[in-house]
Amino acid sequence: MRRKLVIGDIHGGLRALHQVMERAKVSKDDTLIFLGDYVDGWSESPQVIDCLLDLDSKQECVFIRGNHDDLLLDWLTGNTKNFDETMWYHHGGEATVLAYANVSEATKQLHIDFLKSLKNYFLDDQNRLFIHAGFTNMNGIHYEYFPKLFYWDRTLWETALSLDKALPKYSLHYPKRLTLYDEVYIGHTPVTRINETVPIQKACVWNIDTGAAFKGPLTILDVETKEFWQSEPLNNLYFNEKGRN
């Protein structure tokens, strides 16, 4: 049976990706939608990208751009005048820089091409939006003035999180952004911030980032059935590393 599976933020945790794909029994018939942030955190960021490129050669994959992927692209291409490298180091970049010290120039170029090819979002034929962080324009993704917000925004999730459940969708006070798409799948803001480690739905928004950069597991979710599978917590799989903790 063909499944559409969505995968949360990996953050260099290749062991978790292998483990959770095994647990979900991913087959070549499944479509895999990755929500971004493949890098920065654990020590295997280059190997994660190699794995994704390999998967892409075998089955249907959609790769969304995360903010950390964009930062890595800037660093690999020497475009660092617009971002604070010190801050990037503190948020997982250091592990990535160390890992790339052992990567050939040819492989780096393949990774640059991959990072450039990432999508800002994916809207499927059932009006389900897959995006790393969110969007801010009240009329939706096609009207966003600042495309970087697709992978930096936190207001969509905060709005969904704070919404009064009793407020009817037809109310003039109901956030218009939460009426445009049947479902929105995001990563970016770990649910561990609200003391959760499983996918959380608020209004139409499903947050699949279960904190793999920190002490949470990596998650794969079946878009149709909402069944999900998780790896071990990443700090258990990389017990001799600090990740972003």
Side-chain angles (χ1 to χ4, degrees), residues 7-20 34-53 55 63-103 107-120 131-134 148-154 157 186-193 197 207-220 231-245:
I7 298 102
D9 305 30
I10 301 166
H11 285 291
L14 181 67
R15 294 172 193 172
L17 180 58
H18 285 322
Q19 189 179 67
V20 80
F34 292 88
L35 290 175
D37 277 5
Y38 311 113
V39 302
D40 294 355
W42 306 100
S43 61
E44 298 189 279
S45 288
Q47 292 89 337
V48 167
I49 294 180
D50 287 339
C51 178
L52 298 180
L53 287 167
L55 283 169
F63 301 111
I64 307 293
R65 177 179 288 104
N67 55 310
H68 285 271
D69 312 315
D70 198 51
L71 291 169
L72 174 59
L73 177 60
D74 280 345
W75 179 74
L76 283 173
T77 55
N79 182 29
T80 56
K81 64 183 186 299
N82 291 324
F83 85 90
D84 184 336
E85 280 190 86
T86 308
M87 186 175 284
W88 179 51
Y89 265 53
H90 287 316
H91 291 278
E94 183 180 10
T96 302
V97 170
L98 291 170
Y100 269 96
N102 303 312
V103 173
T107 300
K108 282 181 186 172
Q109 190 55 55
L110 285 174
H111 291 190
I112 288 168
D113 294 342
F114 171 76
L115 293 165
K116 285 181 175 176
S117 75
L118 300 176
K119 298 175 182 291
N120 280 341
I131 196 163
H132 178 64
K148 278 184 179 289
L149 291 170
F150 292 138
Y151 42 94
W152 281 103
D153 174 66
R154 295 196 199 275
W157 175 240
I186 64 166
H188 189 50
T189 306
V191 298
T192 46
R193 291 189 181 187
T197 53
N207 190 335
I208 313 297
D209 182 354
T210 48
F214 304 97
K215 294 180 179 178
L218 178 63
T219 297
I220 289 181
S231 71
E232 298 300 311
L234 274 280
N235 57 313
N236 290 352
L237 294 174
Y238 292 91
F239 57 88
N240 57 341
E241 297 179 25
K242 64 180 188 347
R244 291 180 60 195
N245 296 297

Minimum side-chain heavy-atom gap Thr96-Tyr100 below 4.5 Å: yes
Close side-chain approach of Val39 to Leu71, heavy-atom, < 4.5 Å: no
Asn102 CG to Ser43 OG distance, which is reported to the nearest 0.5 Å: 10.5 Å
From Leu237 atom CG to Leu17 atom CG, the distance as rounded to the nearest 0.5 Å: 11.5 Å
Non-hydrogen atoms of Asp37 and His68 that approach each other most closely: OD1-N, 3.0 Å
Between CD1 on residue Ile10 and OG on residue Ser231, distance to nearest 0.5 Å: 10.5 Å
Within residues 236-245 or reaching into it, pairs that qualify as salt bridge (charged side-chain N to carboxylate O under 4.0 Å, His left out) - sequence neighbours excluded: none
Exercise: identify the closest heavy-atom pair between Leu234 and Leu218: CD2-N, 3.8 Å
Residue pairs, two or more places apart or on separate chains, that pass salt bridge (charged side-chain N to carboxylate O under 4.0 Å, His left out) and touch residues 11-20: Arg15-Glu44
Inter- and intrachain pairs under salt bridge (charged side-chain N to carboxylate O under 4.0 Å, His left out), touching residues 81-98, at least two apart: none
From OG1 (Thr80) to CG (Asp74), nearest 0.5 Å: 8.0 Å
Working for side chain to side chain contact (heavy atoms under 4.5 Å, CB included), residues Val48 and Phe34: CA-CA 12 Å; Val48 167; Phe34 292 88; over 6 Å; no
Parallel, tilted or perpendicular: ring planes of Tyr38 versus Phe63, cut at 30 and 60 degrees: perpendicular
4.5 Å side-chain heavy-atom contact, Arg65 and His132: no
Side-chain touch Phe150/Ile64, heavy atoms, less than 4.5 angstrom: no
Asp40 to Ser45 - nearest heavy-atom pair and separation: N-OG, 3.0 Å
Asp69 side chain to Leu115 backbone, donor-acceptor under 3.5 Å: no
Interatomic spacing from CG in Asn207 to CH2 in Trp157 - rounded to 0.5 Å: 4.5 Å
Residue list, side-chain contact (heavy atoms from CB on, under 4.5 Å) with Asp50, at least two apart or on another chain: Thr107, His111
Atom of Gly134, atom of Asp153 and distance for their closest heavy-atom approach: CA-OD2, 3.7 Å
Heavy-atom pair with the smallest gap, counting every atom of Gly41 and Ala95: O-CB, 3.5 Å
Atom of Phe114, atom of Ile49 and distance for their closest heavy-atom approach: CD2-CG2, 3.7 Å
Single hit among Thr219, Asp9, Thr197 for side-chain hydrogen bond (donor to acceptor under 3.5 Å, both in side chains) with Thr210: Thr219
Set of residues satisfying side-chain contact (heavy atoms from CB on, under 4.5 Å) with respect to Pro190, sequence neighbours excluded: Thr192, Arg193, Asp209, Phe214
Set of side-chain contact (heavy atoms from CB on, under 4.5 Å) partners for His18, sequence neighbours left out: Leu14, Cys51
Test item: Leu73 and Ile112 side chains (from C-beta on) under 4.5 Å apart, heavy atoms: yes
Step-by-step side chain to side chain contact (heavy atoms under 4.5 Å, CB included) determination, Leu35 to Ile7: CA-CA 6 Å; Leu35 290 175; Ile7 298 102; over 6 Å; no
Atom pair CG/NZ of Asn235 and Lys215 - distance to nearest 0.5 Å: 6.0 Å
Ring geometry between Tyr238 and Trp42 (parallel below 30°, tilted from 30 to 60°, perpendicular above 60°): parallel
